[in-house]
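Heads up: the structure comes next, in structure tokens.
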Amino acid sequence: MIPNAYRSLHCNAIRAEHIGQNVTLAGWVNSARDHGGVIFVDLRDREGLTQVVFRPEENAEVAAQSHDLREEDVIQVTGRVEKRLTGTENVKLDTGAVEVVVSSFNLLNKADVLPFQLDRELSNEDMRMKYRYLDLRRERMNKNIRQRHKITNAARNYLDAQGFIEVETPILSNPTPEGARDFLVPARLSPGKFFALPQAPQQYKQLLMVAGLERYFQIARCFRDEDLRADRQPEFTQIDIEASFIQQNDIISLVEGLLASMFKAGQGIDIPLPFPRMTYQEAMDRFGSDKPDTRFGNEIVDMADVFAKSEFKIFRTTLENGGVVRAINAKGFAGITTGQMIRLNEIAIQAGMKVKQLAFIKVERNEAGVLEYKSPLWKFFGEEEKAALITKLGVEENDIVFFYAGTWEEACNILGRVRLEIADMQEITKGSTALNFLWVVDFPLLAYSPEDQSWVAVHHPFTRPKAEDVPFLDAGEYGKVRAEAYDVVLNGYELGGGSIRIHESDLQSKMFSVLGVTPEEQQIKFRHILEAFKFGAPPHGGLALGLDRIAMLVAGEESIREVIAFPKNNKACDLMTDSPTTVDFKQLRELYVQSTWKEKKKEEVATPSTQA
RNA sequence: GGAGCGGUAGUUCAGUCGGUUAGAACGCCAGCCUGUCACGUUGGAGGUCGCGGGUUCGAGCCCCGUCCGCUCCGCCA
């Protein structure tokens, strides 16, 4: 730290070597302990605490003034560093062996009593957000914000060292034809027209590849006007990366090194490289998710071979009709409560289960010491099936097995969700420090949307189909086409994703056509990119990482709000500034914009009379 | 758009079967206290039980509606 007029040292910098020296400190009164004569003040700045002592015999006037000090007053003190009296050292403080005996002090700013105590946990989220600047004074928030700086810095340094160039792309850009809802900005100088805030710098970064930059990155703010979650904010930050003359493996090892440098900077740990890889198909089959949490087992098991010729008609006919029969063995969860069972079934129904209850087998030892298979299905299974099932699922005492019979998609969705809920109920990952990184590769290129009655891009329309699957694309068998796309996953969170892109104009145009964008629309919305690809676009690809989520996981937090200085609440509002807000009619008129929103009128319904 | 949990003192919470004056801890205010560090100690103030309505002799507690916060589903190329 460079000394200035306010202070010669930070509060946490004072050590035994300073004994005898005069120092000047500035900061906040963390606590004041008034003993009538001597007064102790723990002085806090962003680096830490130092105990300063006001003694009447040192300076009677200053000591008298110190009686009025209250928590969070901002003060400046000058005094002599002394070794603490023997027996009064405080091992909890880095500066606990010394103290500053104050000879002069300035009250820089008096503080009102705070609306909440900084040293106690606070559960009132409105209060935290309304007084976010006070919430950020708390040690936990201070740590999170600074840790975020460290990992961001590490990312910049790493990418710079790898030859990547940081480029800023426009915040005012065009609406995105598909994908998330855009935030719109009226364009005053083009009456009736609108900008959109970028959901991602996707097209710009590809055009930078056409521009010959070869290696680009940006710590980019992105905007999506969708509903919020604990890990989703309407504005968030991506580490956006794009490179030319590069293949999937190159990007994967680049990003592994990047993440390793960030976790090293944030947590001081070395994460093992390389990360395991799994195809999308395998992830869905085993975990029912494209972002599997691999910290625990209870995997989904295919039971087709066991039940192919079963007497149990529901399972057999499901299989005969091209469906699947799959199961999860929840190890040691036979003690599931009625409430938990109800909850699991609710979740399964939400996830698309067509029946009212998940079929199950609960394995418990009865009073006579015999293993019992409690299940509404057990009586329908033949002896061979039972034996095969027990072996295949590794069923033991105190296990409970859940079954689902239906389509592959349903089974993945339902059992994937059930698997996570069971882990939550069993608190399997509670307190775990495991970091299970994973690459999910070979995503499908396209998915059919029954809602839109058309094929939509699973990643985005610029994603390259795998060369060996292009014949399926040509044949119109869109469901079979895999993409050169990859996601990096940590403990069930999607940290980021990317792809090798299309760099040929005709292939890009064909891709748009498959997605239902007519040639006319292509010219209107994508002329710039289709043209650019004709002027010598290099093969390229990239990836974007969610910086907020990474910061959250590094900090061990469960919400990205804890690593964002001024986040929005559930309704995308900022309670501190009361944003968003209404604007004057005049301001709207200048933008040629008119609001159609009307406040709901309170229904003037007569209160039902209770007296006849 | 849907589901769940929550809202009681400044804060964190308790509040039994619907029944006297709604409690505790921390914080706050005042006094005392020269070695504390979650200082101690004596005293004090502080409540629209989110809001509106209903049931009841009586509601923090039961019912209906509504607002706010959080979590999840839908949504998030």
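The model shown is predicted, which means the values in this text are computed figures rather than measured ones. Note on naming: letters A, B, ... go to the chains in the order of the sequence lines (proteins, then strands), and numbering restarts at 1 for each one.
When the C1' atom is compared between B:A59 and B:G53, the two are found 13 Å apart, to the nearest whole Å. Going from the P atom of B:C63 to that of B:U55 covers 15 Å, rounded to whole Å. Nucleotides B:U20 and B:G7 have their C1' atoms positioned 27 Å apart, rounded to a whole Å. On the P atoms, B:G52 is 13 Å away from B:C61, given to the nearest whole Å. B:G15 and B:U8 have their P atoms separated by 14 Å, with the value rounded to a whole Å. Taking atom C1' on both nucleotides, B:G40 is separated from B:U34 by 13 Å, rounded to a whole Å. Separation of the C1' atoms belonging to B:G50 and B:C68 is 7 Å when rounded to the nearest angstrom. Comparing B:G47 with B:C33, their C1' atoms are spaced 33 Å from each other, to the whole Å.
With rounding to whole Å, A:Phe54 atom CZ is found 15 Å from B:G35 atom C1'. The distance from atom CD of A:Glu346 to atom C1' of B:C72 is 12 Å, rounded to the nearest whole Å. Rounded to whole angstrom, the span from the CZ atom of A:Arg229 across to the P atom of B:C72 amounts to 6 Å. Rounded to a whole Å, the CE atom of A:Met425 is 13 Å from the C1' atom of B:C72. As rounded to whole Å, 13 Å separates atom P of B:C76 from atom NZ of A:Lys291. Whole-Å rounding puts the A:Leu93 CG to B:A38 C1' distance at 13 Å. A:Leu122 places its CG atom 14 Å from the C1' atom of B:G7, with the value rounded to the nearest Å. In this structure, A:Arg84 places its CZ atom 13 Å from C1' of B:C39, rounding to the nearest Å.
The listed nucleotides are B:C68, B:C76, B:G10; the one nearest the side chain of A:Met127 is B:G10. Comparing atom distances between the A:Phe40 side chain and each of B:C37, B:C72, B:U36 picks out B:U36 as nearest. Nearest nucleotide to the A:Glu226 side chain, out of B:U11, B:C76, B:G69: B:C76. Among the nucleotides B:G35, B:C39, B:C70, the one closest to any side-chain atom of A:Glu125 is B:C70. Ranking B:C37, B:G69, B:C75 by closeness to the A:Thr88 side chain, first place goes to B:C37. Counting only heavy atoms from C-beta on, A:Val113 has its side chain closest to B:G27 among B:G27, B:C76, B:G35. Nearest nucleotide to the A:Gln117 side chain, out of B:C75, B:U36, B:G27: B:G27. Closest to the side chain of A:Gln51, out of B:G1, B:C37, B:U34, is B:C37. Of the candidate nucleotides B:G74, B:C68, B:A25, B:G74 has the atom lying nearest to any side-chain atom of A:Arg417. Of all nucleotides listed (B:U71, B:C68, B:A30), B:A30 comes nearest to the side chain of A:Arg70.
Applying the Watson-Crick and G-U wobble criteria (two distances, each under 3.5 Å), B:C70 pairs with B:G4. Here B:U11 sits opposite B:A25 as a Watson-Crick or G-U wobble pair (both hydrogen-bonding atom distances under 3.5 Å). Under the Watson-Crick and G-U wobble criteria, each requiring two contacts below 3.5 Å, nucleotide B:C33 is left unpaired. B:U55 makes up no base pair with any nucleotide shown, lacking Watson-Crick or G-U wobble contacts both under 3.5 Å.
Heavy-atom nearest nucleotides on RNA chain B were determined for A:Lys568 and for A:Arg181, and the one closer to the 5' end corresponds to A:Lys568.
Under 4.0 Å is where a charged nitrogen must lie from a carboxylate oxygen, and between A:Arg501 and A:Glu484 no such pair does. At a threshold of 4.0 Å, the pair A:Arg80-A:Glu99 does not count as salt-bridged, since none of the basic side-chain nitrogens sits closer than that to a carboxylate oxygen. Between A:Glu494 and A:Lys291, no side-chain nitrogen of the basic residue sits less than 4.0 Å from a carboxylate oxygen of the acidic one, so the salt-bridge criterion is not met.
Looking at heavy-atom distances under 4.0 Å, A:Asn569 makes contact with sugar-phosphate atoms alone, never a base. A:Met129 comes within 4.0 angstrom of nothing in the nucleic acid, heavy atoms only. Across all strands shown, A:Glu99 has heavy atoms under 4.0 Å from base atoms, whether or not it also approaches the sugar-phosphate. A:Gln199 comes within 4.0 angstrom of no nucleic acid atom, judged by non-hydrogen atoms across all strands. In this structure, A:Asn90 reaches the bases: a heavy-atom distance under 4.0 Å links it to at least one base atom across the strands shown. Nucleic acid contact for A:Val53: none, since no nucleic acid atom lies under 4.0 Å from a heavy atom of the residue. Counting non-hydrogen atoms under 4.0 angstrom, A:Leu85 reaches a base of the nucleic acid. As judged by a 4.0 angstrom heavy-atom cut-off over every strand, A:Ala200 is placed among the base-contacting residues. Using a 4.0 Å heavy-atom criterion, one finds that A:Asp34 contacts the bases of the nucleic acid, with or without backbone contacts as well. Counting any heavy atom pair closer than 4.0 Å across all strands shown, A:Arg128 reaches no nucleic acid atom.
Rounding to the nearest 0.5 angstrom, the gap separating the CD atom in A:Gln199 from the CG atom in A:Asp225 is 9.5 Å.
Side-chain atoms of A:Arg232 come within donor-acceptor range of the base of B:C76, with a qualifying N/O pair under 3.5 Å. Not a single donor-acceptor pair, N or O on each side, falls under 3.5 Å between the base of B:G69 and the side chain of A:Asn124. The base of B:U34 sits within donor-acceptor range of the side chain of A:Glu57, with an N or O pair under 3.5 Å.
A heavy-atom distance below 4.5 Å is not found between the side chains of A:His540 and A:Lys205.
Of the candidates A:Asp45, A:Val102, A:Ile14, A:Leu25 forms a side-chain contact (heavy atoms from CB on, under 4.5 Å) with just one, namely A:Ile14. Remark: of the listed residues A:Leu575, A:Asn569, A:Asp135, A:Leu136, A:Asp135 is the sole one forming a side-chain contact (heavy atoms from CB on, under 4.5 Å) with A:Arg128.
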request  = Decide salt bridge (Lys or Arg N to Asp or Glu O under 4.0 Å) for A:Asp293 and A:Arg295; before the verdict, give the C-alpha distance in whole Å, the side-chain angles of both, and the deciding distance to 0.1 Å.
outcome  = CA-CA 6 Å; A:Asp293 190 341; A:Arg295 288 175 298 174; 2.7 Å; yes
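Note: A:Tyr448 and A:Trp455 have perpendicular aromatic rings, judged against thresholds of 30 and 60 degrees for the angle between ring planes.
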